[in-house]
Protein chains: 2
Amino acid sequence: MHTDAGLKKMLPANIEIRDYLAGLIKQSRLKQNERLPSERELVEQFKSTRITVRDALSKLESEGLIYRSNRRGWFVSPPRLEYDPSSRVNFYLLAEQQQRTPATELISQKRIKGPQAARTALAVAADEKLIELVRLRSLDGRPVLYEFIYLPESRFPELMKKDLEGSLTTLMQRDYNVEITHEDNRICVSAVYDQVADALSHINGAPCLEIRRIRYEGERKAVEFDIEHWVHSAIELRIPSH
Amino acid sequence: MHTDAGLKKMLPANIEIRDYLAGLIKQSRLKQNERLPSERELVEQFKSTRITVRDALSKLESEGLIYRSNRRGWFVSPPRLEYDPSSRVNFYLLAEQQQRTPATELISQKRIKGPQAARTALAVAADEKLIELVRLRSLDGRPVLYEFIYLPESRFPELMKKDLEGSLTTLMQRDYNVEITHEDNRICVSAVYDQVADALSHINGAPCLEIRRIRYEGERKAVEFDIEHWVHSAIELRIPSH
DNA sequence: CAGTGGTCTAGACCACGAT
DNA sequence: TCGTGGTCTAGACCACTGG
């Protein structure tokens, strides 16, 4: 009979499966964006159950080693995009600097009251509407960022007639003469639900990296409020400080 | 027979349970650090199973609304600590500014070779040893941060005889005349295992916010390399940029 | 259509925390 | 010792993806 008696600590099955798969990935036996064996195949291989296998997979997901694509399977994560929020490099340039292929899809554009957090940040009058842009951004075809952008209508007339899938910073500068002087970023680990989860191919309640940002032109005048939901395994922030 | 026919989308049970508990928390019917009903009580209440209840709980954990304390239960998260890595405010001061009670426990101190990442960052000679400090930091009695600190022995003689539970920045400044000129922070969502998970009362593979930091005195001379594992619901980063 | 992951049922045993 | 969460068994049905 098999026993580990005293040789090494007996590991729970979920950790053994995790370690096995993590090993394959670190040795590059599984390459980036390659699909893992299906959950049921892993059940067979480890003589275990789907609960346990899925537990192992979600641990690997938490670590950022793998990601899921809705009902298609589990895949090996490519390297994280390095992102410095304090630099003014836009998404396209950033991606290309790191040999990745970026894409942006405009999900919706609306004139709305908007969430209270946005109204407060932008200090708009009670009757003024905001423009809400919702965009999905991808790297190499994999969705990685779902963002909500709020702008005061009065500062950006005719905005909704423009091309809103490119760099917003460039557009604001070129067409509205906006120079961002500084910004305030808040970063935390949060979770995605509903439309956000769906768009990012995540399940409801999966963890994400959330960045909330206020951009200013001039000392006090806020002109943009964003909420970004990043697939957590897709990004690493770099914050140099002096 | 009960039906939602057309009135609203039928929600999966895990989401219903999540929404119910999230509601209690947001209405402050459950207060910060208060224990939630046990998993088995929730199973009874919702006529569901532990798998489903735990699924709901881990979603709330991902969002940062609740945290777990190993085999004691689930608790409502207090507000996040706001932390600006670019400021030189130390942990004690930071906590007290936000009306929290900080504590530090030195888990271990060793002279070792250390991980390759630390040796590279600190650019030490092949035969030089590093000092490794492992510390656990708490807020109001709840562990929130498990950190590994690596320092070049040559720069900090006799370090291990000193009080290592206070502010390291202050100690380095006072006893070794170190002035930090700049630093490089890398932030990502990762996962905790083994000793780190245990100390933070987490399960293996739970998500955390990981900060890796290199501190410099002078343009190029690295004097400290840290890896911080934060309980993700305990912290929000603030990054102002100019 | 077959195969995938997403969700769920109805239990079980274990290690550890509080007392 | 009792109650807690941590782990696990052995299935099931569903919605969606891809060919």
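Proteins get letters first, then strands, A, B, ... in listed order; numbering begins at 1 in each.
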What's the closest nucleotide to the [X] side chain, out of [options]?
X      : options                  : value
R40(A) : dC13(D), dC8(C), dA12(C) : dC13(D)
N14(B) : dG6(D), dC8(C), dG5(C)   : dC8(C)
R54(B) : dT9(D), dA12(D), dG6(D)  : dG6(D)
S48(A) : dT9(D), dG6(C), dC8(D)   : dT9(D)

Whole angstrom value for the distance that separates [atom2] of [N] from [atom1] of [X]:
X       : N       : atom1 : atom2 : result
R50(B)  : dT4(D)  : CZ    : C1'   : 8 Å
K47(B)  : dG11(C) : NZ    : P     : 14 Å
E39(A)  : dA2(C)  : CD    : P     : 20 Å
I203(B) : dA15(C) : CD1   : C1'   : 15 Å
F75(A)  : dT17(D) : CZ    : C1'   : 11 Å
E44(A)  : dG3(C)  : CD    : P     : 13 Å
I66(B)  : dG5(D)  : CD1   : P     : 10 Å
D55(A)  : dT9(D)  : CG    : P     : 11 Å

Given that R71(B) and W74(A) both sit by DNA chain C, which one's nearest nucleotide is further toward the 5' end? W74(A)
Would you mind reporting whether F75(B) and S201(B) have side-chain heavy atoms less than 4.5 Å apart? no
Would you call E165(B) and R135(B) a salt bridge, taking side-chain N to carboxylate O under 4.0 Å as the test?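 No salt bridge links E165(B) with R135(B).
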N/O (side chain, [X]) to phosphate O (OP1/OP2, [N]) under 4.0 Å:
X      : N       : result
S38(A) : dT4(C)  : yes
R72(A) : dC16(D) : no
T52(B) : dT9(C)  : yes
R68(A) : dG6(C)  : yes
T49(B) : dG11(C) : no

Take Y193(B) and K59(A) through the test side-chain contact (heavy atoms from CB on, under 4.5 Å) and record every step on the way to the result. CA-CA 10 Å; Y193(B) 285 93; K59(A) 283 172 172 40; 3.4 Å; yes
Let me spell it out: for each of I51(B) and R35(B), pick the nucleotide of DNA chain D with the closest heavy atom. Which residue's pick is nearer the 5' end?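 It is R35(B), whose closest nucleotide lies nearer the 5' terminus.
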Is it the case that the side chains of W230(B) and E210(B) hold a donor-acceptor pair, with the cut-off being a distance below 3.5 Å and no angle test?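 No, no side-chain donor-acceptor pair sits under 3.5 Å.
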Select base, sugar-phosphate, or nothing to describe what N70(B) touches, counting heavy atoms under 4.0 Å on all strands.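 Contact class for N70(B): sugar-phosphate only.
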Do F46(A) and Y20(A) make the cut of ring centroids closer than 6.0 angstrom? yes
